Amino acid sequence: MAPTSSRPRADDSPRRLVIVGASLAGLRAAESARRNGYRGEVVIVGKERHLPYDRPPLSKEFLTDGQPPVFLHSTDALAGELGLRLRLGTAAIALDPDARRLSLDDDTTLTYDRLIVATGAAARRPSGLTDLAGIVTLRTLDDAVLLRSLLVAEARVVIVGAGLIGSELASSAGQLGAHVTLIDGAPVPLVRAVGVDVGRRLSALHAQRGIELICDVQIVAIEGHTRASAVVLSDGLRLPADVVLLSIGAEPVTSWLAGSGVAVNPTDGAIVCDEMLRTSVPAVYAAGDVAEWSNRIVGGQTRQENWSNANEQGAVAGRNAVTAGSPVAYEAVSYFWSDWYGQRIQFVGTADSDDVEFHELSSGHGGFVALYHQEGRLVGAAACNGQRLIMKYRRLIRDGASNDDALATLARSAGAAWERGRVTPAKQSTGSSARPSPAGEHAGRRR
Amino acid sequence: MYVSLDRDRCSGIGICESIAPGYFEIAEDGSLQLLRDDVEPEAITEVEEAVRSCPTLALTLQR
Ligand SMILES: Cc1cc2nc3c(=O)[nH]c(=O)nc-3n(C[C@H](O)[C@H](O)[C@H](O)COP(=O)(O)OP(=O)(O)OC[C@H]3O[C@@H](n4cnc5c(N)ncnc54)[C@H](O)[C@@H]3O)c2cc1C
Ligand code: SF4
C-alpha cells in the first residue's frame with residue numbers, strides 16, 4: 001500500500017475516466033487526476049460548444065468592457081499537456097451505473113471505469129412565465145453574448161432578484177447607461193448568502209448609486225406580445241421594460257440522472273455525496289455547483305455555488321476517483337467574492353450565527369468587515385473593500401478561532417504599517433485587464 | 001524556483017493567500033504582495049497549488 005514517493009499512487013485498474021460537464025469543476029478534476037499520476041484515458045463531455053471558460057466575468061467585465069471570454073485552457077493544452085479527449089456540444093442524457101455506461105444526445109454511448117459528474121447549475125426560471133423576447137437569464141457565455149447586445153444605453157432593464165449576480169448585473173447595466181430597476185421578493189436581499197444585517201447594508205449600495213431597489217414584491221406578470229414590454233408587480237406597480245433579467249438563483253443540473261439510482265436531495269436536486277465526494281453509486285463522484293457533500297468543517301451536508309469551491313472540490317474528486325486506497329476528505333471554508341459599483345465584496349465561512357459585529361475600515365470608501373460569531377467562535381466574515389483581511393479570517397475560521405483571535409487580527413491589521421517582505425515592483429497597470437480596484441487611489445501608499 | 005506575478009492580470013481575489021499565506025498577502029489597497037519570491041523546497045506543493053488556483057492565471061512558477 002505505502003507509496004514509494006510522496007504522491008499517492010494511481011490505481012492502475014481504471015482505464016477510462018469520464019467527466020460530465022466541461023467547466024471549472026470538471027477541468028480541475030481532470031488536471032488533478034493527471035497530477036496524481038493517472039495515465040489512462042480521460043474523456044470530458046460538455047453540453048456547451050465552447051472550450052471551458054470562466055463564468056464570473058460574464059456578469060462583470062465581459063458586459064462592461066467588451067472583453068473576450070476568459071478560457072481556462074487552450075485546446076492545445078487540453079489535448080496535449082493534459083491528454084484529454086473533449087466531446088463538446090454533447091450532453092449526457094442517461095446513466096446506467098450497472099453497465100457503467102452513459103448515453104449521450106448524439107445517440108452514442110460511452111462506458112467508464114470512473115465517472116465524475118460536474119454538470120453545475122442552471123439559471124432558475126419561475127414556472128408559468130410566458131416566453132417573450134427580452135426575458136433573459138445569465139449562466140452561459142451564449143446568455144452573456146445575448147445580454148451584452150440588449151444592455152444598451154437608455155434601455156429600460158428590470159432585474160428580478162437582488163442576489164449577488166443580480167446586484168452585479170445592476171451595477172454593470174447601470175455602467176452601460178441602462179435605466180435599471182432591481183426587484184427582490186424578500187424584505188431584505190442576500191439573506192441566505194450573508195445574513196440580514198450585511199444583506200441590508202450591502203443592498204444600500206444600489207440606492208447610493210442611483211439604482212432603485214424594490215423589496216418584498218413578486219412579479220405577477222410580464223406583459224408584451226412577442227417582446228417583453230412591462231413587468232407587473234404584486235403591489236400593483238407596472239414597470240415598463242425592454243429587458244427583463246431573471247436572476248433568482250440556480251438549480252443543480254441533475255434531471256438527466258433520473259432513474260439512475262444516484263441519490264439527489266429531494267428539495268433542490270443536488271447530488272448527495274459523502275465527505276470523499278462519492279455519490280450513492282459505485283465509481284461515480286460529483287463536484288462543483290451540482291454537489292452537496294458532508295463538510296466536516298460545517299458539520300453537515302452543504303452545497304456551495306462559488307468559484308473556489310468548484311476549483312478545490314473538482315481537484316479532490318479527480319484525485320479520489322483515480323487513486324486507490326486512501327481517498328481524502330474534502331473540507332472547505334466557503335469563499336466567494338462579488339464586484340459591484342467598483343466595490344469588492346467578499347465572504348468567508350457561514351452566515352449562520354448568533355451575533356454579527358461590524359467594524360468600519362479606516363481606509364475609507366465605506367469599507368467594512370463584519371464578523372459572524374457562534375458560541376464564542378468566529379464562523380464567518382464579510383468584507384466590503386477589506387481584501388487585506390478576508391483570507392486571514394478564512395484561515396482563522398478553518399482553525400476554529402475564538403472571537404478574541406478575530407479581533408486581534410483586526411487590531412493588528414489596523415495598526416500595521418505595510419512593510420513586510422519583498423515586493424516585486426508593480427508593472428504600470430494598463431487598467432484594461434485589471435478589475436476595478438476599489439481603493440485604487442491608495443496605491444501610492446504601498447511600498 | 002521562484003514565483004512571478006503578472007499584475008495586469010491579478011484581480012486581488014486572494015485565493016493564493018488562503019492557500020500559501022507565507023508567500024502571498026493582499027495589501028491595504030487590494031493589490032497582491034509577494035512576501036517572498038524564492039520558493040523553499042518544503043513549500044513547493046503549497047505554492048504550486050496556489051499558482052494553479054489563481055482564477056486569473058496571474059501567477060507562474062519559474063525555475
Ligand atoms: C454570471 C456568473 C457570475 C459569477 N460570479 C462569481 C463570482 O464573482 N465569484 C464566485 O465565487 N463565483 C461566481 N460565480 C459562480 C461560479 O461561476 C460557479 O460556482 C462555477 O462556475 C461552478 O462550476 P461548475 O464546474 O461546478 O459548474 P458550471 O460552471 O455550471 O459548469 C457545468 C457545465 O456542465 C455542462 N452540462 C450540464 N449538463 C450537462 C450534461 N447533461 N451533459 C454534458 N454537460 C452538461 C454545462 O453546460 C456547463 O458547461 C458566478 C456564476 C455566474 C453564472
Ligand atoms: S489568486 Fe490570482 S488573482 Fe487572486 S490575488 Fe492571487 S494572484 Fe491575484
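Treat the numbers as computed from the prediction; the structure is a model and nothing was measured. Hydrogens, waters and symmetry mates are skipped; everything else that's a heavy atom, side chains included, is used.
- A pairwise comparison of heavy atoms in Q387(A) and I26(B) identifies CB-CG2, 3.3 Å as the closest pair.
- Residues meeting the ring pair (Phe, Tyr, Trp, His ring centres under 6.0 Å) test with Y330(A), sequence neighbours left out: W293(A).
- Paired with S11(B) under the rule side-chain contact (heavy atoms from CB on, under 4.5 Å), one option of E61(A), R344(A), K60(A) passes, and it is R344(A).
- Between chain A and the residues S18(B), G12(B), G14(B), the most heavy-atom pairs under 4.5 angstrom are made by S18(B).
- Applying the side chain to side chain donor-acceptor pair (under 3.5 Å) criterion to S4(B), with sequence neighbours excluded, gives T60(B).
- In terms of heavy atoms, D54(A) sits closest to P55(B) at OD2-O, 3.8 Å.
- Taking 4.5 Å as the limit, some side-chain heavy atom of W307(A) sits within range of a side-chain heavy atom of I15(B).
- When R388(A), R395(A), R394(A) are each tested for a side-chain contact (heavy atoms from CB on, under 4.5 Å) with E17(B), only one passes: R395(A).
- When the shell of 6.0 Å around CD of E81(A) is examined, it contains 12 or fewer heavy atoms from other residues, nucleotides or ligands.
- Taken to the nearest 0.5 Å, the CG atom of L72(A) stands 7.5 Å off from the CG atom of L57(B).
- Contacts of C16(B) with chain A are absent, with no heavy-atom separation under 4.5 Å from either backbone or side chain.
- Residue contact with chain B, scored on non-hydrogen atoms closer than 4.5 Å, is absent for I390(A).
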